[in-house]
Amino acid sequence: MQFERDGIGRDPAAGVDPEWFTSGALKKADTLEELAQIIGVPFEALSRSIEEFNGYAESGVDEKFHRGETPWDQMFHHMVGFAAHPEQNYIVPIETDLPNPLVVPIGEGPYYAATIVLSDIGTKGGLKTDARARVLGQDGWPIAGLYASGNTMAAMSGSVYPGAGTPIGSSLAFSYLAALDIAGEGQAGE
């Protein structure tokens with residue numbers, strides 16, 4: 001992995017913020033054996049995973065997670081963007097000698113492991129609502145006085161995440177529809 005080059009969400013020339021390491025969010029090791037010990041996994045399992053992944057990199061086909069197959073991946077795989085700080089956006093040069101630039105082989109160290117936790121960027125579950133943002137009970141009828149929008153409601157997009165802003169847009173739209181309904185002004189969708 002090339003975090004030193006990519007800077008993990010910062011200008012590549014800036015390198016990795018030391019706070020990532022002191023917080024425990026990111027771990028670094030010079031060898032795979034050391035990395036396995038630090039993250040508490042058997043070395044043999046880590047080696048097998050890397051061997052499998054490097055096979056995907058060689059063929060260009062990620063058989064497990066299908067990276068690089070969607071139009072979204074193909075359009076955005078070389079961009080790093082930051083909505084809160086657009087001045088930090090930059091283009092990462094594409095590795096043209098690879099069959100799939102989203103599956104880069106893992107070579108020599110140093111090696112990194114990141115702590116991944118749940119977040120709420122977009123949900124694929126949530127409360128079922130009607131067109132007025134009213135939460136529906138198990139019987140399919142609205143529950144009086146209960147509304148949902150954004151990440152608390154079942155996603156309008158179903159089981160896919162079409163892109164940044166989808167939960168924000170649905171939150172704005174359904175919050176507005178809920179406010180209209182509460183005020184007795186909305187008959188949206190009816």
Side-chain angles (χ1 to χ4, degrees), residues 1 3 6-11 16-17 19-27 39-41 45 49 53 56 61-92 100 102-103 112-190:
M1 297 185 188
F3 290 137
D6 296 341
I8 309 181
R10 298 174 41 187
D11 179 336
V16 180
D17 186 332
E19 189 175 321
W20 285 71
F21 297 105
T22 57
S23 71
L26 194 61
K27 310 221 186 271
I39 63 174
V41 301
S49 293
F53 182 85
Y56 297 160
V61 178
D62 179 351
E63 296 175 22
K64 194 171 272 184
F65 298 106
H66 305 283
R67 284 172 275 226
E69 294 179 11
T70 68
W72 180 263
D73 286 348
Q74 293 165 16
M75 185 170 113
F76 285 107
H77 72 269
H78 62 283
M79 297 174 64
V80 177
F82 306 93
H85 300 285
E87 71 278 4
Q88 293 181 5
N89 293 349
Y90 61 92
I91 303 295
V92 176
N100 181 343
L102 290 180
V103 186
Y112 298 85
T115 302
I116 307 296
V117 296
L118 295 175
S119 72
D120 61 356
I121 189 168
T123 61
K124 301 299 154 242
L127 302 169
K128 191 172 184 179
T129 60
D130 64 10
R132 292 159 56 181
R134 299 178 299 181
V135 174
L136 303 177
Q138 290 182 349
D139 60 4
W141 290 95
I143 299 171
L146 186 58
Y147 296 84
S149 68
N151 284 333
T152 60
M153 67 185 288
M156 293 175 24
S157 57
S159 64
V160 299
Y161 183 68
T166 303
I168 297 169
S170 66
S171 180
L172 290 170
F174 280 88
S175 294
Y176 178 73
L177 294 170
L180 289 177
D181 192 72
I182 291 166
E185 299 177 19
Q187 296 300 314
E190 294 183 352

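For the atom pair OG1 (Thr129) and CD1 (Ile143), the distance works out to 11.5 Å, reported to the nearest 0.5 Å. Atoms CG and CZ, on Asp181 and Arg132 in that order, are 4.0 Å from each other to the nearest 0.5 Å. The line from CH2 of Trp20 to OG1 of Thr115 is 10.0 Å long, rounded to the nearest 0.5 Å. Taken from CD1 in Ile39 to OH in Tyr112, the straight-line distance is 14.5 Å, to the nearest 0.5 Å. Distance check, rounded to the nearest 0.5 Å: CG of Leu127 to OH of Tyr147 gives 14.0 Å.
Put simply, the side chain of Val61 does not reach to within 4.5 Å of the side chain of Asn100, judged on heavy atoms.
By the neighbour-count criterion of 12 heavy atoms within 6.0 Å, atom CZ of Phe21 is densely surrounded, having more than that number from other residues, nucleotides or ligands.
No donor-acceptor pair under 3.5 Å is formed between the side chain of Ser175 and the backbone N or O of Leu172.
Residues Asp130 and Pro142 share a closest heavy-atom pair of OD2-CG, 3.9 Å. When every heavy atom of Asp62 is checked against every heavy atom of Arg67, the shortest pair comes out as OD2-NE, 2.6 Å. Taking all atoms of both residues into account, the shortest heavy-atom contact from Ser170 to Ser149 is O-CB, 4.5 Å.
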